[in-house]
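The block underneath contains the structure these notes are about, expressed in structure tokens.
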Amino acid sequence: KTGQVTFAIKDTVIDGVEIKANDYMALVEKNIVACKENKLKALKVVLESLVDEDAELITLIYGEDVTKEEVEVIEEYVEDTFEAELECVEGKQPVYSFIVGVE
């Protein structure tokens with residue numbers, strides 16, 4: 001299963017989700033499921049949607065706008081919240097703050 005977090009460039013409504021410019025969209029399997037004021041909150045929505053009791057590995061590829069401190073916050077959150085192993089990869093991609101794969 002896959003998900004992404006990306007930056008919203010304009011105000012709109014897509015599939016009933018209110019999108020505000022400069023907020024972060026949480027995408028799960030290519031569907032926008034939420035829009036949050038910061039990328040970590042959006043990522044938490046993605047993870048909560050994708051990770052279930054059968055999940056064994058979460059791969060998190062983080063983009064160029066993500067700080068080491070934010071990665072540490074996410075590592076702690078995943079460790080405290082889920083049973084799956086987390087692998088973080090610095091992808092430095094420009095458009096997506098986070099790309100998530102769950103196996």
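Side chains are part of it too, since the values below use all heavy atoms of this structure and drop only hydrogens, waters and symmetry mates.
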Are Val66 and Val89 connected into the same hydrophobic cluster when the rule is that any two of I, L, V, M, F, W, Y join if their side-chain heavy atoms are below 4.5 Å apart?
no
Modelled atom types, side-chain donor and acceptor of Lys68 and Tyr62, under 3.5 Å
yes
Can a salt bridge be assigned to the pair Lys36 and Asp23 using a cut-off of 4.0 Å between side-chain N and carboxylate O?
no
Looking only at heavy atoms, which two atoms of Ser49 and Val28 are closest? And how far apart?
CB-CG2, 3.6 Å
Is there a donor-acceptor pair closer than 3.5 Å between any side-chain N or O of Asp52 and the backbone N or O of Asp54?
yes
Treating Glu48 as the side-chain partner and Val45 as the backbone partner, does any N or O pair qualify as donor plus acceptor under 3.5 Å?
no
Looking at NZ of Lys20 and SG of Cys35, how far apart are the two atoms once the value is rounded to the nearest 0.5 Å?
9.0 Å
May I ask you to decide if Leu50's main-chain N or O and Lys1's side chain share a donor-acceptor pair within less than 3.5 Å?
yes
If you look at every heavy atom in Ala84 and Ala55, which pair is closest and at what distance?
CB-O, 3.7 Å
Indicate yes or no for a side-chain donor-acceptor contact from Thr6 to the backbone of Val95 under 3.5 Å, with no hydrogens or angles considered.
yes
Is there a side chain to side chain contact (heavy atoms under 4.5 Å, CB included) between Glu87 and Leu60 once you walk through the steps?
CA-CA 6 Å; Glu87 180 179 327; Leu60 179 66; over 6 Å; no
Value rounded to 0.5 Å, distance of CD1 in Ile19 from CD1 in Ile9:
11.5 Å
Taking the cut-offs as 6.0 angstrom to the six-membered ring centre and 45 degrees off its axis, would you call Lys44 and Tyr77 a cation-pi pair?
yes
Would you sort out whether Asp65 and Phe98 count as a side chain to side chain contact (heavy atoms under 4.5 Å, CB included), showing the intermediate values?
CA-CA 9 Å; Asp65 66 326; Phe98 300 103; over 6 Å; no
Look at atom CD of Glu85 and say whether more than 12 heavy atoms of other residues, nucleotides or ligands are closer to it than 6.0 Å.
no
Heavy-atom closest contact (Gly3 atom, Val46 atom, distance):
CA-CG1, 3.9 Å
Rounded to the nearest 0.5 angstrom, the CD1-CD distance for Ile32 and Glu18 is 12.5 Å
Can you tell me how far apart CD (Glu56) and CD (Glu83) are? Round to the nearest 0.5 Å.
12.0 Å
Carboxylate-amine/guanidinium proximity below 4.0 Å for Glu70 and Lys39:
yes
Holding to ring pair (Phe, Tyr, Trp, His ring centres under 6.0 Å), I want the full list of residues that pass it with Tyr96, two or more places apart in sequence or in another chain.
none
When rounded to the nearest 0.5 Å, the distance separating CG of Leu47 from CD1 of Ile74 is 6.5 Å
Look at the side chain of Gln93 and the backbone N and O of Ile61, then say whether any donor-acceptor pair between them is shorter than 3.5 Å.
yes
For the backbone of Val33 and the side chain of Asn31, can you confirm whether one donor and one acceptor N or O come within less than 3.5 Å of each other?
no
Rounded at 0.5 Å granularity, tell me how far CG in Asn22 sits from NZ in Lys10.
14.0 Å
Nearest heavy-atom contact between Ala26 and Ala42 is CB-O, 3.5 Å
